[in-house]
Amino acid sequence: MRNPRRIWYALVAGIGLLAVACAKHAPQTTLKPEGPVGRKIDSLFTFTFWIAAAVFVLVEFGVVYLVWRYRHRDDRPEPAQVHGNTRLEMTWTAVPALLLLIVAVPTFRTIFELAKTPKDPIRVTVTGHQFWWEYNYPDYGVTTANEVHFPAGRNVEFTLKGVDVIHSFWIPRLSGKHDVEPGRVSRISMKADKPGVFLGQCVEFCGLSHANMRLRAFAQTPADFDAWVAAQKAVPGQPPTGTPAGDGFALFSVKGCSGCHTVAGVSTGTVGPNLSHVYSRTAFAGDTFDMTPDNLRMWLHDPPGVKPGSKMPNLGLSSTEITNLVAYLQTLK
Amino acid sequence: MAATIAAFEPPAPPRRLFRRPVHPTGLWGWFTTVDHKRIGLLYTATAFAFFILGGIEALIIRLQLGGPNGHVVSADTYNQIFTMHGTTMIFLVVMPLSAGLANYLVPLMIGARDVAFPRLNALGYWVFVIGGLFLYSSFLFGHAPNGGWFGYAPNTEKAFNPAHNIDYWVFGLQIVGIASLTGAINLIVTIINMRAPGMSLMRMPIFVWMTFIAQFLLLFAIPVITVALFELMFDRLFGANFFNVQAGADPLLWQHLFWIFGHPEVYILILPAMGIVSEVLPVFTRRPLFGYPVMVFSGIAIAFMGWGVWAHHMFATGLGPVAKSAFALSTMFIAVPTGVKIFNWMATMAGGKIRLKAPFLFAAGFVTMFTIGGLSGVTHAIVPADTQQTDTYYIVAHFHYVLFGGSIFGLFAGAHYWWPKWAGRMLSDTLGKLQFWLMFIGFNMTFGPFHILGLQGMPRRIYRYPSGRGWDFWNLISTIGAFIIALSVLVFIINILKSRRGPLVGEDPWDARTLEWTTPNPPPEYNFAEMPIVTSRDELWHRKYIEGPDGRPVRREPERIEPVEPAEPAEPAEPRLEPARLEVGDGNGSSASTNLPPPAEEVAREEHEGESVADAAHEDEHGHIHMPSPSYYPLLVAVGLPIIAYGLMYKTWFVAVIGALITVASVYGWALEPATEPEEPIDMSAPEPEPEPEPEPDQPELEPAGS
């Protein structure tokens with residue numbers, strides 16, 4: 001019996017060490033909150049965790065001890081036939097109930113605190129599409145996709161709307177998730193302490209490319225945010241004809257891109273993401289691919305091939321057409 | 001006048017389409033059987049086959065997620081695989097395994113000769129297996145269900161899922177649901193009505209109690225999901241708009257319906273396993289279950305509270321702070337009766353003389369692993385924390401600790417414990433321990449890291465993930481662990497195969513406590529030659545031992561071991577009809593029985609081929625034990641159901657009509673068929689033996705503690 005226990009200790013210690021070592025580079029973790037909402041949730045979780053850990057130790061080591069202590073020995077007499085003990089049983093009914101009450105009180109407090117409407121928030125409307133995110137800033141007249149910007153240190157209120165199936169909007173380091181339901185409007189608010197980039201993802205199974213419906217949140221200094229808004233509101237220029245970008249601009253209408261995508265001053269399609277300033281983003285297609293010319297080429301070559309279930313069809317573009325379109329997209333900064 | 005005379009003539013044999021099977025042998029015997037033990041074995045074997053399939057699906061999932069950007073399967077295939085893994089493990093593995101064990105054991109444990117509705121029992125099995133095969137036929141057409149086991153609308157609506165994938169799921173689950181419902185009704189009636197004399201409710205083995213409770217949950221939960229599935233079926237087939245948001249539907253309707261079924265379902269899956277553990281622990285600690293009444297009532301409490309917690313699956317949907325708080329509270333407090341069970345199991349161990357056999361290890365594994373699942377469950381009740389955890393791998397960790405560390409470990413404890421009753425031979429304890437440790441280590445390697453992954457933000461149901469999120473390492477560990485689990489299952493299969501050459505054992509190899517161990521291995525069709533008379537809880541134990549003055553058991557004198565003597569000794573040609581012999585093992589399962597004359601092959605042959613002879617001889621001796629006769633109809637009723645489904649799915653109406661005709665005609669034939677075929681003129685003067693009178697109250701077990 002001694003050896004297995006030693007192995008057990010070693011295992012626990014080893015796993016603990018590994019857990020610490022591996023938690024360092026987890027950009028989507030819930031355990032290192034960067035805002036007041038996330039922190040409130042995390043402290044509540046930590047509080048519960050330690051109570052649970054105490055029960056865990058009591059039960060797990062209790063069982064191991066009991067099995068070892070009362071294991072079969074030939075010289076041991078037959079055990080007394082104890083049928084129960086009312087006082088003991090009442091104790092271990094009442095004590096867990098009390099422990100749970102202790103957990104329940106801060107839980108209720110936090111539930112109601114988080115339900116409050118924040119003061120003076122930046123308002124962003126989030127629309128979940130299969131399989132990308134659309135953001136509208138009603139106060140600024142800005143529409144963008146997958147990457148959401150807001151000033152750090154200020155409340156952000158996301159209004160969640162669905163148009164197809166149920167999605168779930170989640171930026172783990174700032175707040176818990178909230179489902180994005182078609183036919184319903186919900187609100188969730190959060191705040192980032194300081195500027196930073198926070199990863200997120202759709203967490204309600206929404207079909208083929210559920211795995212490829214990610215998002216990125218940029219908390220910026222107020223000045224940076226204002227600059228970003230100004231850039232997003234600008235109408236992109238038209239590239240000169242004769243250049244690859246100019247040919248790409250022509251193709252944008254000829255090939256039907258304009259039917260689904262909005263480029264300010266050019267088209268008003270709303271099936272796909274707004275591309276007015278697509279090249280100002282760091283990634284595309286549900287934050288799945290880094291924004292590089294090569295990735296854009298790969299994408300235009302066969303969208304559903306690299307992102308299953310993508311509504312954008314394979315347009316059968318030639319290599320030259322793809323080059324020209326990528327050149328045009330690169331002008332949309 | 002003539003008409004009056006005719007009315008007094010013996011009734012003509014009913015008209016029927018084909019001859020009724022009369023004691024068919026071999027394969028047909030299995031297709032037409034209504035014997036609860038054979039049906040139990042069929043359930044168990046079929047469910048184990050589905051367990052292998054679901055396990056293979058799990059391995060594919062783990063291979064795909066073993067590293068970032070997995071390429072083993074496509075997104076489409078992955079969605080089908082994870083949907084079928086969940087659907088299989090819940091509806092085709094754990095539920096029917098529990099049903100199989102209950103089928104085999106409940107009549108034996110309560111001292112009954114069969115279940116209340118033997119043909120309905122057969123129908124349940126055939127509907128289950130045919131529904132399962134129907135679900136799996138979807139793979140042949142490349143359209144396995146792909147909406148998750150939870151099938152959230154509107155993603156499962158025709159608009160978003162135009163192929164037939166979801167149709168298979170909708171029809172398959174409706175078909176399988178019939179099996180659960182009939183099984184529940186059958187077991188409830190059996191337990192209420194068919195207990196042996198003296199088997200009061202509070203003397204019932206705890207496994208029977210937990211099964212009883214789980215059947216009530218099934219009885220009320222299955223209709224709820226059937227409503228949801230029926231509505232979804234109408235949406236998909238006929239363009240109804242139950243879940244069509246564009247037509248004004250509420251997308252949360254599905255979720256409420258599904259989880260009002262789905263949460264009691266969790267307890268349907270775990271309560272029978274809790275019952276198994278509560279049977280195994282006392283036998284191997286050699287102490288009675290600590291606090292039997294509390295164990296019973298905590299099970300009932302869990303079942304009641306289980307109906308009031310469904311919305312904790314929906315904390316991210318926006319229920320409002322009051323509803324969130326209410327469901328948080330109910331979710332927290334369902335942990336109280338669960339915790340009581342865990343502490344009572346520990347108290348059962350404390351002070352015992354614990355034989356560390358494979359069944360005990362699995363039962364102890366249940367207690368330790370289920371505790372982890374219970375504790376992570378409490379963190380879901382902390383609503384704000386749950387909004388971080390829900391739909392991440394943390395949840396996947398939680399319910400695998402409950403359903404694998406709980407249910408599956410419990411079921412394996414039961415398999416190792418009751419195997420000698422089913423097979424007459426022991427499973428190797430060495431291989432059993434090897435299986436346990438492999439499974440225990442593999443299980444914790446696979447599902448332990450999911451806690452970390454979930455807290456690090458890894459969502460569920462994603463077919464791939466990018467590197468650089470800190471998820472690579474733990475996913476790799478988990479994949480390795482999954483293959484260790486697979487190895488442990490392989491060890492179990494080898495153990496089964498090897499056990500066929502093992503020595504025969506007596507009827508009570510574990511020195512156990514309950515009535516099923518008073519019957520031969522395997523029990524004859526009629527279970528008990530003499531109806532047992534029950535005078536106490538743990539009846540068999542009290543037939544073998546009395547409690548000494550210090551509370552320690554003292555073995556009774558040999559003559560006291562013999563329970564009820566029959567009026568006449570059985571004929572030597574029918575050794576299996578001898579009144580309950582009690583071949584008490586040394587409790588280590590190593591006691592090869594010396595006074596069990598026929599080797600198991602002969603017993604088996606006799607079981608299969610000589611039933612009518614045995615029954616006839618038996619009836620001569622003991623009056624009329626009319627065991628229900630075999631029937632084709634349960635199988636035929638079940639066969640029609642998937643044909644209806646195919647016809648509706650593929651809009652070939654005549655196929656659906658053919659299926660419906662098969663089912664309706666079979667129900668009609670069934671209704672005309674008597675439960676017991678009169679093989680000999682019915683002796684109206686001597687009907688079924690009267691139940692024995694209530695036992696004399698000279699050994700009152702439920703007296704106040706002072707007695």
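Heavy atoms only: backbone and side chains are in, while hydrogens, waters and symmetry mates are out.
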Q: Strictly below 4.0 Å, N to O, side chains only: are B/Arg286 and A/Glu78 in salt-bridge contact?
A: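 Salt bridge present between B/Arg286 and A/Glu78.
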Q: Write down the atom of A/Pro308, the atom of B/Tyr463, and the distance for their closest heavy-atom approach.
A: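 Heavy atoms of A/Pro308 and B/Tyr463 come nearest at CD-OH, 3.3 Å.
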Q: Can you find a side-chain donor-acceptor pair between B/His542 and A/Gln81 that sits under 3.5 Å?
A: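 On atom types as modelled, these side chains do not qualify, holding no pair under 3.5 Å.
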Q: Quick one: closest heavy-atom pair of A/Gly200 and B/Arg469, and the distance?
A: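 Nearest pair, atom of A/Gly200 first, then B/Arg469: O-NH1, 4.4 Å.
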Q: For B/Phe82, is it the side chain, the backbone, both or neither that has a heavy atom under 4.5 Å from a heavy atom of chain A?
A: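 For B/Phe82, the contact with chain A is made by the side chain alone.
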Q: Can you tell which of B/Phe150, B/Phe160, B/Tyr292 has the highest number of heavy-atom pairs within less than 4.5 Å of chain A?
A: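 Looking at each option in turn, the highest pair count goes to B/Phe160.
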Q: Taking side chain as everything from C-beta outward and backbone as N, CA, C, O, which of these in B/Tyr394 sits under 4.5 Å from a heavy atom of chain A? Side chain, backbone, both or neither.
A: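 When you check distances to chain A, only side chain atoms of B/Tyr394 fall under 4.5 Å.
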Q: If every non-hydrogen atom of A/Glu204 is compared with every non-hydrogen atom of B/Arg461, which pair is closest and at what distance?
A: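 Here A/Glu204 and B/Arg461 meet closest at OE2-NH1, 3.5 Å.
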Q: Between chain B and each of A/Asn212, A/Leu114, A/Leu44, A/Val103, count heavy-atom pairs under 4.5 Å; write down the option with the most.
A: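 Among A/Asn212, A/Leu114, A/Leu44, A/Val103, the one with the most close pairs to chain B is A/Asn212.
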Q: Which atoms of B/Val245 are under 4.5 Å from chain A, going by heavy atoms: the side chain, the backbone, both sets, or neither?
A: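 For B/Val245, side-chain heavy atoms alone lie under 4.5 Å from chain A.
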Q: Would you say A/Lys161 has more than 12 foreign heavy atoms packed within less than 6.0 Å of its NZ?
A: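 No, because the 6.0 Å sphere around NZ of A/Lys161 holds 12 heavy atoms or fewer from other groups.
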Q: What closest approach, in Å, do B/Gly351 and A/Pro79 show between heavy atoms, and which atom pair accounts for it?
A: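 Where B/Gly351 meets A/Pro79 most closely, the heavy atoms are O-CB, 3.2 Å.
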Q: Chain B heavy atoms under 4.5 Å from A/Val180: which part of the residue, side chain, backbone, both or neither?
A: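 It is neither, since no heavy atom gets under 4.5 Å.
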Q: Kindly indicate whether the side chain of A/Asn85, heavy atoms from C-beta on, has any atom under 4.5 Å from the side chain of B/Phe290.
A: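 SC-SC contact between A/Asn85 and B/Phe290 confirmed.
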Q: So A/Pro96 and B/Phe343, do their side chains get closer than 4.5 Å, heavy atoms only?
A: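 Yes, side chains in contact.
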Q: Counting C-beta onward and ignoring hydrogens, is there a side-chain heavy-atom pair between B/Gln388 and A/Trp170 closer than 4.5 Å?
A: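 Counting from C-beta outward, B/Gln388 and A/Trp170 do come under 4.5 Å.
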Q: Nearest heavy-atom pair of A/Thr107 and B/Pro384: which atoms, and what distance?
A: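 Closest pair (atom of A/Thr107, atom of B/Pro384, distance): CG2-CD, 4.1 Å.
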Q: Heavy atoms, side chains only, cut-off 4.5 Å: are B/Ile354 and A/Arg69 in contact?
A: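 Sidechains of A/Arg69 and B/Ile354: no contact.
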Q: If I measure from the heavy atoms of chain B, does A/Leu208 come under 4.5 Å with its side chain, its backbone, both, or neither?
A: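 Contact with chain B: backbone and side chain both.
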Q: Which of the residues B/Ile462, B/Val322, B/Leu455, B/Asn161 is involved in the greatest number of heavy-atom pairs with chain A at under 4.5 angstrom?
A: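 Between B/Ile462, B/Val322, B/Leu455, B/Asn161, the count favours B/Leu455.
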Q: Quick one, B/Ile382 with A/Phe47, criterion side chain to side chain contact (heavy atoms under 4.5 Å, CB included). Give me CA distance, side-chain angles, the key distance, then yes/no.
A: CA-CA 10 Å; B/Ile382 317 300; A/Phe47 173 65; over 6 Å; no
Q: Ignoring hydrogens, what is the shortest heavy-atom contact between B/Thr387 and A/Gly176? Give both atom names and the distance.
A: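 Here B/Thr387 and A/Gly176 meet closest at OG1-CA, 3.4 Å.
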Q: Taking the side chain as everything from C-beta on, heavy atoms only, tell me whether B/Leu329 gets closer than 4.5 Å to A/Phe108.
A: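 When only atoms from C-beta onward are counted, A/Phe108 and B/Leu329 do touch, with a gap below 4.5 Å.
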